[in-house]
2 protein chains.
Amino acid sequence: MLTSKDMSEHCGLKSSIIRKDLAQFGACGIKGQGYVVSELTAYLNKILGINNTKDVVLVGAGHLGTAIARYPGFINANFNFIAAFDIDDEKIGSSIGHTHIYSIDTLNKYLEDHKIEVIVLAVPSSAALDIVTKLDSRIVKGILNFTSMVFPGRMNDMYIHNIDLAKELEVISFCMKNCITQKSDD
Amino acid sequence: MLTSKDMSEHCGLKSSIIRKDLAQFGACGIKGQGYVVSELTAYLNKILGINNTKDVVLVGAGHLGTAIARYPGFINANFNFIAAFDIDDEKIGSSIGHTHIYSIDTLNKYLEDHKIEVIVLAVPSSAALDIVTKLDSRIVKGILNFTSMVFPGRMNDMYIHNIDLAKELEVISFCMKNCITQKSDD
DNA sequence: TAGATTGTTAATCGATTAACAATC
DNA sequence: TAGATTGTTAATCGATTAACAATC
């Protein structure tokens, strides 16, 4: 059991807005008590669309791709790297943990056969555009783009979420310079 | 020369707010003309505190650390990985590009000797807390934390910016589920 | 019942926008 | 000068907050 006040203390928001937002999504607290943790997490996962395990595919098995596939947070968020793809013959046939590495030439067929909706792109930026344009947007609906190539947020009917690691260092730099207390986003 | 309208078309914000925000920071456009690109970038870099090259140190030279040090965006943002530190004897003595890898035991002395204000943390989460608590907060002012260990936004007098790669996949998942058009953040 | 905390309202606050005088 | 776009104002919009009746 968790109250809105508990949550507010953890994340630096006022308790009233936590109650309001949860109510907005229809989450059901118990008056005088708070929120049942198990119900709440299930509810939030459902809102985020991660209530059941989702298979995703890694494209690019270099250092960044390997780090991503091994990143512990993805497992907690119910994401499963079902396969990886690379252009390098040395890597094809090997594995990152339980994730097998296939030839990039077989990517589109794999996506179609396994109905993969989300891919994680960690190839050199020079290769990014070519891969993205060849994707079948009837199959792939979302791309998490770790390359420094910037794509529009939406292309065809695919969501593309651009991650810019350097931007985050700029945030720190700005905060240090201006003595801003960052909102902790626990 | 760039107008607020040009910028608004690129990033999906209204031109009025671009003018307002730039004016707020004191950036100086030319009425009837727009903004001189070179002046504007210099100004924005100054605001972000990245107008001159800043040396940062990488802690953890595994896959993630290596990928980060090689990430092209950091160079553009004037960040220079002056050194890397790892616990693994195999890695110590070798390099990632021009970044030499030293023993983690020498980290704090190095930070002090070189007056390094920002470190990038890419060690296993189990090692994160120990490293952070041993840092000298009179020297280090900012930490970019790529581990899945979550730190408060501020500790002692150090800014800690937590990066959660998995969170980004949740964002995509949510957008796909709710057919939200993401704000592109070019 | 008494105590506690939700869900919701109404009030406040801040951020976004449209519009336009200033001026290059 | 005529055309264009800034910087800024005043109006709008939405998000945050405090407060409290409802109720577990």
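No hydrogens, no waters, no symmetry mates; every other heavy atom, side chains included, goes into these values. So you know, we letter chains A, B, ... as the sequences are listed, proteins then strands, and number each from 1.
- Not one N or O on the side chain of A:Ser95 forms a donor-acceptor pair closer than 3.5 Å with the backbone of A:His98.
- Dashed line: the shortest gap from a side-chain N or O of A:Tyr35 to OP1 or OP2 of D:dC24 is not under 4.0 Å.
- Not a single donor-acceptor pair under 3.5 Å links the side chain of B:Asn156 to the backbone N or O of B:Met158.
- Between B:Phe174 and A:Phe25, the angle of the ring planes goes over 60°, which puts this pair in the perpendicular group of the 30/60° scheme.
- For the pair A:Tyr159 and A:His161, the minimum side-chain heavy-atom distance is 4.5 Å or more.
- Residues B:Val56 and B:Leu58 fail the side-chain proximity criterion, which asks for heavy atoms closer than 4.5 Å.
- For the pair A:Lys20 NZ and C:dC13 P, the computed distance is 17 Å after rounding to whole Å.
- Nucleic acid contact class of B:Lys5 (heavy atoms, under 4.0 Å, all strands): none.
- Atom NZ in B:Lys31 sits about 9 Å away from atom C1' in C:dC24, given to the nearest Å.
- When the C1' atom of D:dA15 is taken as reference, atom CD1 of A:Ile17 falls 6 Å away, rounded to whole Å.
- With the nearest nucleotide of DNA chain D identified for both A:Gln33 and B:Ala23, B:Ala23 has the one nearer the 5' end.
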Its dot-bracket string being built from Watson-Crick and G-U pairs below 3.5 Å, with | for another strand and [ ] for crossing, DNA chain D has the pattern ..||||||||||||||||||||||
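- In this structure, B:Arg19 does not reach the D:dG7 phosphate: none of its side-chain N or O atoms is under 4.0 Å from OP1 or OP2.
- With distances taken from any side-chain atom of A:Thr3 to the nucleotides C:dC24, D:dT6, C:dT6, the minimum falls on C:dT6.
- Between A:Ser4 and C:dT5, a side-chain N or O to OP1/OP2 separation shorter than 4.0 Å is absent.
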